[in-house]
Amino acid sequence: MSERILVCVAWPYANGPLHLGQIAGAYLPADIFARYHRLKGNEVLMVSGSDQHGTPITIKAEQEGKTPGEIAARYHQHFLESWQQLGISFDLFTTTGTPNHAAVTQDIFLALRDKGYIYQATVSQPFCPQCQRFLPDRYVEGTCPHCQSPGARGDQCDECGKPLNPIELIEYRCGLCSTTPVFKDSEHFFLKLSAFNDRLLTWVKEKNHWRPNVLNFTKRYLEEGLKDRAITRDIDWGVPVPLDGFADKRIYVWFEAVIGYLSATKEWAKSSGDEGKWCNFWQGNEAKSYYFIGKDNIPFHTLIWPAMLIGYGGLNLPYDVPANEFLTIEGRKLSSSRNWAVWLPDYLARYDPDPLRYLLSINMPETGDTDFSWREFVRRNNDELVATYGNLVNRVLTFVYKNFDGCVPACDDIDASGKELIGKSDAAFVTMDNLLSHCNFKQALKMAMYIAHEANRYLDEKSPWKVIKEDRQAAANSLFVAICIITRLKTMLYPFLPFSSQKLHEFLGFEGRVEDDGWQPHAPLPGQKLLPPEPLFSKLDDSLVEEETARLGHASS
Ligand SMILES: [Zn+2]
Ligand SMILES: [Zn+2]
């Protein structure tokens, strides 16, 4: 029986281009997982969207003299292009700016308030007497009390990474006009997180399939005890509070962005013509939800969103939250503000998508931080994609195409080493199935590459290019085995390398999409017509290492 898999992916702020840290952290693992489940024949829904409402967007808009809506629309368009080019296969990538999202958010807000999980209280907020406005935390600047860095913001210090409150900053000032803000009372709504602490503890205790870092982090929070959190603020950009007297306040972005998973599912159902279909992914035991996020986002997905769902009632809580650790760049912490980052559109303008997908998968920060370096990118591309997998495919298909009239040769006997290799590939399907369904992507990819390596070894041993001169049938037999393995590799590698798998699918003479043939060890039919093969990957020149590393840390164009 097929399962229903909801693949939820972090919502990026629409205030700048995507970088490789975000891709390795959330988007690529989510896509691998979704593609794998589609191959399995499961019902998959993969959703996310641009977060249009955070202060990162209003700040960018003020810097550029644009409206936040213009900034958000620009980057949303960039995101859609990046997904297309990198092959991140969303079923829906929407935005938090839709009327549907506002309606779903307001419904949850009102339901939680009716049940007593949202209450009103007065808080003291920074107010700029010059700008005549309340200042969101990020708009307050000053010196960090922990590391003395002069450019810290009221929510966090970028230098030492510590979270901050505006009042903790030394010599705090308005980020817009540098006036010293005063603190004024303001009426706000709070989510009563403390009411969910025990229920979340009970829920988390059963989550032994979670990654240890995610589980431990979550338990630690709960053992310290959750504190109630303000869910509205004094700002005019965001989802309106659905009550009279709060026209100058909006729902806080951290509260509404997580609701996006639900609102996106509803939007998808509506546009599919079957409005009620969203329930399939949110209710019942046969629906499982997975949340792909970076580790900085863990508390929102293992504590806050589950608390909101418990409070609202009747909807499934996350089944798994396979959060990834961080990707460093050339040994240093990624920093957008210092341009110590590799931007996805820049990468995609110069290179193919699959080599990046390969490197970020084989080096995925699943259980600890990993590093991206251009040298490693070139090495993995040349030694593994080109020399191991690409070369296997290319030498077999080119030789068969030339010597067997462009068709899969007929095989009359598979010898012991051929049977052994096929047996290994069968076993790899089973192992990879288990690894992929448990979100162990790195190990799964290594398994597939091991099969490619073994196939090369088999061919070296059989040397059909020599044997064909004396015994054409013996050469045909070993080439048939090699073609079987290649056929399996295009399925195994499809979640990771969708573009080259589809190409290979066509070279092998299969029709339609790889995905439609399912997750199983296929074999081509003898006599099956091949297409003229071309190399799947190209060798990269070492000189790009220097060129690319020279771009790091300089102002972007
Ligand atoms: Zn600091
Ligand atoms: Zn000001």
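First listed ligand is number 1; within each ligand, the first listed atom is number 1.
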message: For the backbone of F326 and the side chain of D369, can you confirm whether one donor and one acceptor N or O come within less than 3.5 Å of each other?
response: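 Yes.
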query: Is there a donor-acceptor pair closer than 3.5 Å between any side-chain N or O of D352 and the backbone N or O of D354?
result: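 Not confirmed, D352 side chain does not pair with D354 backbone.
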Aromatic ring pairing [X]/[Y], orientation class (parallel under 30°, perpendicular over 60°, tilted between):
X	Y	result
F189	F246	tilted
Y290	H37	tilted
Y351	W374	tilted

- prompt: Between SG of C147 and SG of C144, what angle is found at the Zn ion (ligand 1), rounded to 10 degrees?
  reply: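 Rounded to 10°, it measures 110°.
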Three-point angle C160:SG, the Zn ion (ligand 1), C157:SG, rounded to the nearest 10°: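 C160 SG and C157 SG form an angle of 110° at the Zn ion (ligand 1).
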task: List nothing but the number: protein N/O/S atoms under 2.8 Å from the Zn ion (ligand 2).
output: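 Counting protein N, O and S atoms closer than 2.8 Å to the Zn ion (ligand 2) gives 4.
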message: Minimum heavy-atom separation for P355 and L385, please, with both atom names.
response: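 Minimum heavy-atom separation between P355 and L385: CA-CD1, 3.6 Å.
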message: Under 2.8 Å from the Zn ion (ligand 1), can any N, O or S atom of H146 be found?
response: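 False for H146.
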message: Among E256, K266, E267, which residue satisfies the side-chain contact (heavy atoms from CB on, under 4.5 Å) criterion with V104?
response: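 Of the listed residues E256, K266, E267, the side-chain contact (heavy atoms from CB on, under 4.5 Å) partner of V104 is K266.
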